[in-house]
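In each ligand, atom 1 is the first atom listed, and ligand 1 is the first ligand listed.
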Amino acid sequence: MHIAMIGTGYVGLVSGTCFAEMGNNVWCVDIDHKKIEGLRKGELPIYEPGLEEMVQRNAKEGRLGFTTDFSAAIPGADVCFIAVGTPPGEDGSADTSYVLQAARSIAREMTGYTVIVDKSTVPVGTSEIVKATIAEVLRDRGVACEFDVVSNPEFLKEGVAIDDFMRPDRVVVGCGGQRAEAVMRELYEPFTRNQHPIYFMDIKSAEITKYAANAMLATRISFMNEIAELCGRVGGDINNVRIGIGSDERIGMSFLYAGTGYGGSCFPKDVKELVAVGARNGIEMAVTRAVESVNERQKGILVRAVVERFGENLKGRSFAIWGLAFKPQTDDMREAPSIVIIDELVRRGARVRAFDPEAFDQARSYLSKHLDSVDFIADQYAALDGSDALLLVTEWKQFRQPDFSRMLSALREPIVFDGRNQYDPAKMAELGFHYFSIGRSVLAASASR
Ligand SMILES: NC(=O)c1ccc[n+]([C@@H]2O[C@H](COP(=O)([O-])OP(=O)(O)OC[C@H]3O[C@@H](n4cnc5c(N)ncnc54)[C@H](O)[C@@H]3O)[C@@H](O)[C@H]2O)c1
């Protein structure tokens, strides 16, 4: 098939490349000239394991091209995906202006029957607006092109995006007619072999499914963070509670980790939009609103522990941070808890020595107002040198079994604030660390010693 992927960010680049991998001809289109120029040279704008090799190979074999020119990509395309950003607006509602701009660009160049697929996460009802927008442009052009608008939300996870796209738990397609359904079924057939189902449903249900999925996952995180706070206060270990409840088949083990709160480009904005769409329709989304407020509070948990140990004024103190990206295996800094943590440490007068395996370039722009107070250190142990304590913020694998004796000799004081519960509290105490982690009262006790 001929495919045009409008928007070459995380979702567009991964999806476009995976469709090319299956033999389709794919144009990735973006309005960002610099990004497209880099991609033409094989340079990726993001870090995603396995993606660079796959992009370069498919480009070399002629199935994957990059352009800013819609007239090169749209005419003759069987399917045009819209995979542009939908950032939160002032009131938390998702901003669909990029989606509509992309829809107009497609409509200006369409030459025959095209399936236009909304892959961006969009508020319920957006597909209808996209349809009307395209119809209006075609009318102005005086062209009678047939088309269908389909909703196909994306569920890939950054860090394992290729695997998620190639072997999805499910593909959801909101679709109004058989013609578009046949095209989508054919397109996804290679990805839905071996028990990976494709679910066709009405368009609005598909649009809501994406928000409901992210809000459900965010709910699990906030719920566990709330229970962790209780464990920390009354005595208990959140890890034991996680095993105790997760082994119930109705609950399951995944997404039950306490930590420093969720971040990234999706959960925060999608939770906000769900609250906003409720408000637009006269519904108080009480559960979702609580999820957000617990998460905001949780982002401050490590700094609250630091303040408890060192006092409100952190002038003259230095703290090492391990992990800046919002999660491991990505360089994505959007809404990363590390931003809030560093902001607060610096505001209280501290210096920060930060290490992350991949996110330095992104972090420098997200922390631009603190560049005088933050050193980016290329070695995880060197980041500890002369620091008053370590704050572990993102659970990159290389932090799981570190050289504890190097840590002890590099840190000014043997104090670890672990925002991801990576270590055994008893072992840390034995090694001589003062160790704070989330929702494990033994550790809270050892931290306050
Ligand atoms: N990042 C994820 O993990 C993820 C997962 C599932 C769904 N989503 C959703 O997918 C959508 C895209 O997310 P992303 O993270 O890939 O965004 P992104 O910000 O990484 O990329 C968006 C790209 O779209 C381009 N763009 C904007 N307007 C354009 C236009 N009119 N024409 C062509 N290109 C245009 C931008 O230049 C940018 O390169 C969002 O709605 C997001 O919520 C993201």
Next item on the list: Determine, stepwise, if the pair Glu207 / Lys210 fulfils salt bridge (charged side-chain N to carboxylate O under 4.0 Å, His left out).
Entry: CA-CA 6 Å; Glu207 290 172 333; Lys210 174 65 195 177; over 6 Å; no
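Classification of Asp248 and Arg250 as a salt-bridged pair holds, one side-chain N sitting under 4.0 Å from a carboxylate O. Salt bridge Glu395/Arg400: absent, no basic N to carboxylate O contact under 4.0 Å.
The shortest heavy-atom contact between Ala389 and Phe417 is CB-CE1, 3.7 Å.
Taking the six-membered ring for Trp and the full ring otherwise, Phe355 and Phe376 have centroids separated by 6.0 Å or more.
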Pairs under 3.5 Å, nitrogen or oxygen of ligand 1 with protein nitrogen or oxygen:
unit_1: ligand 1; atom_1: 1 (N); unit_2: Glu158; atom_2: OE2; d: 2.8
unit_1: ligand 1; atom_1: 1 (N); unit_2: Ser265; atom_2: OG; d: 3.4
unit_1: ligand 1; atom_1: 3 (O); unit_2: Glu158; atom_2: OE2; d: 3.2
unit_1: ligand 1; atom_1: 15 (O); unit_2: Arg334; atom_2: NH2; d: 3.1
unit_1: ligand 1; atom_1: 16 (O); unit_2: Tyr10; atom_2: N; d: 3.0
unit_1: ligand 1; atom_1: 16 (O); unit_2: Val11; atom_2: N; d: 2.9
unit_1: ligand 1; atom_1: 19 (O); unit_2: Arg334; atom_2: NH1; d: 3.3
unit_1: ligand 1; atom_1: 20 (O); unit_2: Tyr10; atom_2: N; d: 3.3
unit_1: ligand 1; atom_1: 37 (O); unit_2: Asp30; atom_2: OD1; d: 2.6
unit_1: ligand 1; atom_1: 39 (O); unit_2: Asp30; atom_2: OD1; d: 3.4
unit_1: ligand 1; atom_1: 39 (O); unit_2: Asp30; atom_2: OD2; d: 2.6
unit_1: ligand 1; atom_1: 39 (O); unit_2: Lys35; atom_2: NZ; d: 2.6
unit_1: ligand 1; atom_1: 41 (O); unit_2: Thr86; atom_2: OG1; d: 2.6
unit_1: ligand 1; atom_1: 41 (O); unit_2: Thr121; atom_2: N; d: 2.9
unit_1: ligand 1; atom_1: 43 (O); unit_2: Thr121; atom_2: OG1; d: 3.3
unit_1: ligand 1; atom_1: 43 (O); unit_2: Lys269; atom_2: NZ; d: 2.6

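With contacts defined as side-chain heavy-atom distances shorter than 4.5 Å, the pair Val150/Met184 qualifies.
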